[in-house]
Participant: 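Take this structure, written in structure tokens, and hold onto it; I'll ask about it next.
The analysis underlying the following values was restricted to heavy atoms, covering all of them including side chains, and did not include hydrogens, waters or symmetry mates. As the structure lists them, so they are numbered: ligands from 1, and atoms in each ligand from 1. Numbers here are sequence positions counted from 1.
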Amino acid sequence: MHYVSTRGRAEALDFEGATLAGLASDGGLYLPERWPHFSAEDFAAMRGLSYVETAVRVIKPFVGDNLTEGELRDLCTQAYGRFAHAAVTPLVQLDHTHWLLELFHGPTLAFKDVALQLLGLLFETFLSRRDTHITIVGATSGDTGSAAIDAVAGRANIDIFMLHPAGRVSDVQRRQMTTVLAPNVHNIAVEGSFDDAQALVKRMFNDADFSTRFDLSAVNSINWARLVAQIVYYVYAGVRLGAPERPVAFAVPTGNFGDVFAGYVASRMGLPIERLIVATNVNDILHRALAEGDYSQGTVIPTATPSMDIQVSSNFERLLFDLGGRDGTALAAQMAGFEATRAMRLTNAQREGAAALFGSARIDADEMARAMRWAYDAAGQVIDPHTAVGLAAARAAGVDPSVPVVTLATAHAAKFRDAVERSTGVRPSLPSRTGDLFGREERFVTLPATFEAVTDYIAGRATPRRG
Ligand SMILES: *Cc1c(COP(=O)(O)O)cnc(C)c1O
């Protein structure tokens with residue numbers, strides 16, 4: 001299986017190459033050259049399979065010769081063995097049509113563990129084969145940082161430097177990062193906003209000297225391997241609710257369009273998905289793009305769902321490429337226009353292609369709080385604010401009542417317990433697997449939000465490229 005860039009100019013890579021590269025050298029994102037396809041019999045044969053066995057079937061066509069089936073099974077067994085639920089991503093029924101797919105049973109309580117636990121192991125496997133080292137640098141508003149740190153702590157050939165905005169992540173989120181004391185983990189609190197931290201990271205990647213000297217690598221959802229791991233739970237849930245005979249709809253709390261793009265891939269692979277409902281908060285660029293064809297960037301408004309406070313959704317480019325006939329030259333021009341003006345129109349082909357599968361909704365703070373209360377009153381479920389945005393969109397979507405609607409529950413309620421308590425009066429407690437989070441030693445440095453301060457710190461601790 002080969003991977004091509006959405007901007008048409010980078011060389012095609014195999015799965016291992018695309019995983020280690022992250023972003024393509026022409027600024028585009030990698031996609032497989034064609035979608036693997038499963039028949040109705042293939043889906044029917046997955047009915048009784050465990051999560052790990054489902055993962056092996058779904059991921060195998062994407063890895064080509066880079067991993068044997070046995071190696072892939074070992075990695076999936078290790079990654080998902082760390083989840084606190086035997087079903088890994090269990091379904092919970094809310095009423096006669098609505099379901100939750102709980103994606104938060106991993107070590108750091110958000111769905112990012114599903115992808116990053118596997119990605120950490122893939123990195124380690126591929127790096128030790130090549131006998132090379134990488135330096136992961138990222139900026140986080142909370143969930144990605146903790147999931148990435150947990151996934152690579154103590155692994156050979158990897159250092160991770162994670163920047164978070166000082167004082168602007170929750171105590172739980174900060175402690176999930178800073179109490180990991182493995183020597184390859186480096187937490188940096190930047191005296192600035194998330195956008196400042198993100199801008200510093202972008203500048204490091206764009207600095208060719210710095211980025212090649214330390215072999216910088218990214219773990220955000222532009223990494224293709226992350227999306228592959230997320231296709232699995234759409235298939236797992238779809239098969240349990242009646243695929244291939246019966247279609248299923250999914251409502252997805254969306255930020256960077258990674259999670260919902262994995263659902264799009266599942267649909268392209270043959271899973272009968274009736275509708276993919278893209279749920280945004282008031283930062284609604286994706287809702288405007290899907291409803292009106294208007295992809296224009298606004299200013300980010302902070303909400304109770306920080307992981308969705310995004311005004312540019314990196315993975316949307318993958319959808320536009322696939323729906324626009326996979327024309328890298330045309331897409332590169334469209335993206336260059338967006339980068340220059342911070343706005344673009346979808347083409348007719350892109351709009352019509354998207355409308356065939358996607359719905360969307362913009363959910364404000366009141367609608368979010370109401371969905372949280374409904375889940376509690378109707379089904380006794382305490383859900384997190386991100387999940388509540390998804391559920392509000394699911395309930396507003398008007399899907400045929402014979403079709404089950406699955407809302408992706410992307411975070412554990414305890415991760416956002418202040419917001420949950422405000423809406424429901426219930427203060428969720430942290431599950432026992434987080435251990436003594438508030439009793440453990442923290443380790444991080446606080447640095448000014450300047451390029452010099454942060455790169456000096458990293459250069460003093462990262463492993464430079466050999467030779
Ligand atoms: C990251 C995240 C999202 C958004 O997912 P995308 O793949 O960026 O669309 C939603 N909810 C939670 C809790 C998250 O951590």
Participant: Could you see which bit of F111 sits under 4.0 Å from ligand 1, with heavy atoms only: side chain, backbone, both or neither?
Facilitator: side chain
Participant: With heavy atoms of G258 as the reference, note each atom of ligand 1 found under 4.0 Å away.
Facilitator: 6 (P), 7 (O), 9 (O)
Participant: At less than 4.0 angstrom from any non-hydrogen atom of A411, what atoms of ligand 1 do you find?
Facilitator: 13 (C)
Participant: Show me which atoms of ligand 1 lie under 4.0 Å from any heavy atom of T254.
Facilitator: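 Heavy-atom distances to T254 below 4.0 Å select 9 (O).
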Participant: Consider only side-chain N and O atoms of Q176 and T108, and report whether a donor and an acceptor are under 3.5 Å apart.
Facilitator: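 There is no such pair between these side chains.
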Participant: Provide the number and element of each atom of ligand 1 under 4.0 Å from a heavy atom of P253.
Facilitator: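 Every atom of ligand 1 under 4.0 Å from some heavy atom of P253: 4 (C), 10 (C).
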Participant: Below 4.0 angstrom from a heavy atom of G255, which ligand 1 atoms are there? Numbered from 1 as shown, please.
Facilitator: 4 (C), 6 (P), 8 (O), 9 (O)
Participant: Ring-plane angle category for F250 and Y234, please: parallel below 30°, perpendicular beyond 60°, tilted otherwise.
Facilitator: perpendicular
Participant: Got the closest protein heavy atom to atom 11 (N) of ligand 1, with its distance?
Facilitator: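 I find the closest protein heavy atom is T410 OG1, 2.9 Å.
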Participant: Determine, for R288 against D284, whether the closest basic-nitrogen to carboxylate-oxygen distance falls under 4.0 angstrom.
Facilitator: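 The answer is yes: the pair qualifies as a salt bridge.
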Participant: Determine, for F338 and R342, whether the Lys NZ or Arg CZ falls below 6.0 Å from the six-membered ring centre while staying within 45 degrees of the axis.
Facilitator: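 Cation-pi check for R342 and F338: passes.
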Participant: Do N283 and D309 meet the criterion of a side-chain donor-acceptor pair at a distance under 3.5 Å?
Facilitator: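 A pair is found: one side chain offers a donor N or O, the other an acceptor, under 3.5 Å apart.
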Participant: Under a 4.0 angstrom heavy-atom cut-off, which atoms of ligand 1 come close to K112?
Facilitator: 1 (C), 2 (C), 3 (C), 14 (C), 15 (O)
Participant: Under 4.0 Å from a heavy atom of D259: which atoms of ligand 1 are those, numbered in the order shown and with their elements?
Facilitator: 7 (O)
Participant: So W224 and F62, would you call those rings parallel, tilted or perpendicular, with 30° and 60° as cut-offs?
Facilitator: tilted
